[in-house]
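The first residue of the sequence shown is numbered 1, and numbering continues consecutively from there. All values below come from the heavy atoms of this structure, side chains included, with hydrogens, waters and symmetry mates left out. The shown structure was predicted, so the numbers you read here are calculated from the model rather than taken from an experiment. Both ligands and their constituent atoms are indexed starting at 1 by order of listing.
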Amino acid sequence: MSQETTDDLPALWTHEPHIHLAFKPGDSVAAIDTNATPGFKGSKRDAPDLLLERAERFAELQEMLYANSLAGDNRKVLLVLQGMDTSGKGGIVKHVVGAGNPQGIQYANFGKPTEEELAHDFLWRVEARLPTSGHVGVFDRSHYEDVLIVRVHDLVAPEIWSTRYDTINDFEKRIALDGTTIVKVAMFVSLDEQKKRLSERLDRPDKYWKYNPADVDERLLWPRYQEAYQAMLERTSTDVAPWHVIPCDRKWYARLAVTELLIEALEGLDLSWPPADFDIEAEKTRLASA
Ligand code: AMP
Ligand code: MG
């Protein structure tokens with residue numbers, strides 16, 4: 001365990017969350033306790049204040065990354081969010097990433113591919129949305145849909161989707177070498193909790209927009225999705241881009257956990273505020289008489 005990054009970790013965590021959440025060979029998707037709060041000693045009552053405080057820390061580091069890019073730093077961070085409907089991807093985008101400075105955030109959502117996208121290799125549309133220097137990019141779904149929904153629904157032949165795991169690993173290795181820190185988060189809710197969240201969407205006019213009748217069909221395919229998620233985690237958890245498995249029945253836990261993963265990634269970059277590239281004293285004098 002690296003000690004340097006634990007210094008600022010709030011006392012409510014027993015260890016850096018990535019230690020509890022990293023996918024390990026042998027871990028089983030079917031066995032995930034989606035209601036658990038691994039590594040967190042606090043309770044739901046502690047969550048709002050802690051999230052506020054840690055989201056602020058995330059925002060500070062994120063702005064620092066952006067500021068450094070103006071001084072030539074090429075580094076960037078990519079948060080990949082994968083999860084079934086209602087797992088809380090939107091909440092992470094809104095409450096965690098949303099705490100950042102929009103100037104340095106690049107958001108991309110990947111839905112059903114367009115005709116044009118389908119005419120290209122599956123990574124084409126993904127390449128086009130990769131975060132540029134200084135940015136925190138968020139993928140709300142990602143290239144992993146091409147080994148998840150595509151596999152479950154036989155949208156391409158097995159000979160094709162089965163080659164994609166290696167293709168994805170090569171791709172992620174390449175972008176990591178190009179200065180991208182990759183944070184991959186797989187979000188899991190129980191079927192019961194999903195039913196609750198879907199029925200809430202049907203009961204509340206402010207949530208209709210999130211409801212998609214097709215979500216009910218996907219729900220029925222959960223065993224096949226489990227298989228596809230298992231293969232994804234086993235085959236694409238690499239040194240440069242490990243997967244984290246987040247239990248998401250408690251939204252407050254998922255948000256706190258992802259915030260810590262982002263902070264850890266950013267702290268790993270050893271950022272500081274870039275020095276002024278002008279003569280501060282001379283500028284003060286000039287300004288005083290301007
Ligand atoms: P949402 O994230 O709720 O906007 O839903 C987007 C939908 O697009 C989900 O059902 C995804 O599974 C689907 N989708 C995303 N990528 C692909 C893909 N490559 N092929 C087919 N469907 C996809
Ligand atoms: Mg949806």
Side-chain angles (χ1 to χ4, degrees), residues 29 78-98 106-130 137-169 171-172 184-191 193-233 235-236 243 246 248-249 251 254 258:
V29 169
L78 173 62
L79 174 66
V80 174
L81 300 176
Q82 270 303 150
M84 297 290 289
D85 302 297
T86 76
S87 59
K89 301 182 293 296
I92 299 291
V93 170
K94 184 171 167 179
H95 299 283
V96 178
V97 183
Q106 290 169 332
Y107 170 84
N109 170 256
F110 295 96
K112 200 166 171 278
T114 62
E115 290 281 314
E116 189 190 22
E117 287 168 349
L118 281 174
H120 291 84
D121 175 80
F122 77 102
L123 290 175
W124 180 74
R125 66 175 182 164
V126 176
E127 292 260 7
R129 309 294 299 274
L130 285 172
V138 193
F139 281 1
D140 181 351
R141 301 187 189 270
S142 67
H143 41 299
Y144 286 101
E145 292 290 325
D146 291 279
V147 289
L148 292 169
I149 190 169
V150 166
R151 172 176 168 152
V152 167
H153 286 270
D154 298 315
L155 298 180
V156 304
E159 301 82 74
I160 298 189
W161 61 250
S162 61
T163 63
R164 290 181 172 171
Y165 301 97
D166 291 339
T167 308
I168 288 172
N169 289 339
F171 166 68
E172 291 181 352
K184 295 194 299 199
V185 164
M187 303 175 64
F188 293 95
V189 275
S190 66
L191 279 179
E193 180 63 23
Q194 188 189 52
K195 189 174 237 174
K196 252 193 246 163
R197 292 181 187 180
L198 285 174
S199 62
E200 190 177 62
R201 289 179 183 182
L202 289 172
D203 282 339
R204 285 181 44 181
D206 64 321
K207 298 229 171 179
Y208 294 162
W209 67 278
K210 289 190 183 183
Y211 188 85
N212 177 353
D215 295 349
V216 177
D217 305 312
E218 297 308 293
R219 216 179 122 68
L220 299 171
L221 293 168
W222 178 232
R224 297 200 57 186
Y225 269 104
Q226 262 186 344
E227 227 175 277
Y229 270 99
Q230 184 74 37
M232 174 192 89
L233 294 170
R235 300 201 51 191
T236 62
W243 274 108
I246 316 286
C248 290
D249 283 3
K251 289 179 184 172
V258 176

Participant: One pair per line, please: each N/O atom of ligand 1 matched with every protein N/O atom under 3.5 Å away, atom names first, then the distance to 0.1 Å.
Facilitator:
residue: ligand 1; atom: 2 (O); partner: Arg141; partner atom: NE; Å: 2.5
residue: ligand 1; atom: 8 (O); partner: Lys112; partner atom: N; Å: 3.1
residue: ligand 1; atom: 12 (O); partner: Glu145; partner atom: OE1; Å: 2.7
residue: ligand 1; atom: 16 (N); partner: Gly111; partner atom: O; Å: 3.2
residue: ligand 1; atom: 16 (N); partner: Arg125; partner atom: NH2; Å: 3.1
residue: ligand 1; atom: 19 (N); partner: Arg125; partner atom: NH2; Å: 3.3
residue: ligand 1; atom: 19 (N); partner: Asp146; partner atom: OD1; Å: 3.2

Participant: Whether Glu193 and Arg197 form a salt bridge (side-chain N of Lys/Arg under 4.0 Å from carboxylate O of Asp/Glu) is what I want to check.
Facilitator: yes

Participant: Shortest non-hydrogen contact from Gly83 to Arg141?
Facilitator: O-NH1, 3.7 Å

Participant: Run the side chain to side chain donor-acceptor pair (under 3.5 Å) test against Glu227 and tell me which residues pass, sequence neighbours left out.
Facilitator: none

Participant: Using the rule salt bridge (Lys or Arg N to Asp or Glu O under 4.0 Å), only one of Lys112, Arg125, Arg129 pairs with Glu117; which is it?
Facilitator: Arg125

Participant: Show every ring-ring contact (aromatic ring centres under 6.0 Å, His included) that has at least one partner inside residues 198-228, sequence neighbours left out.
Facilitator: none

Participant: Return the set of residues passing ring-ring contact (aromatic ring centres under 6.0 Å, His included) with His120 (not counting sequence neighbours), or none when no residue passes.
Facilitator: Trp124

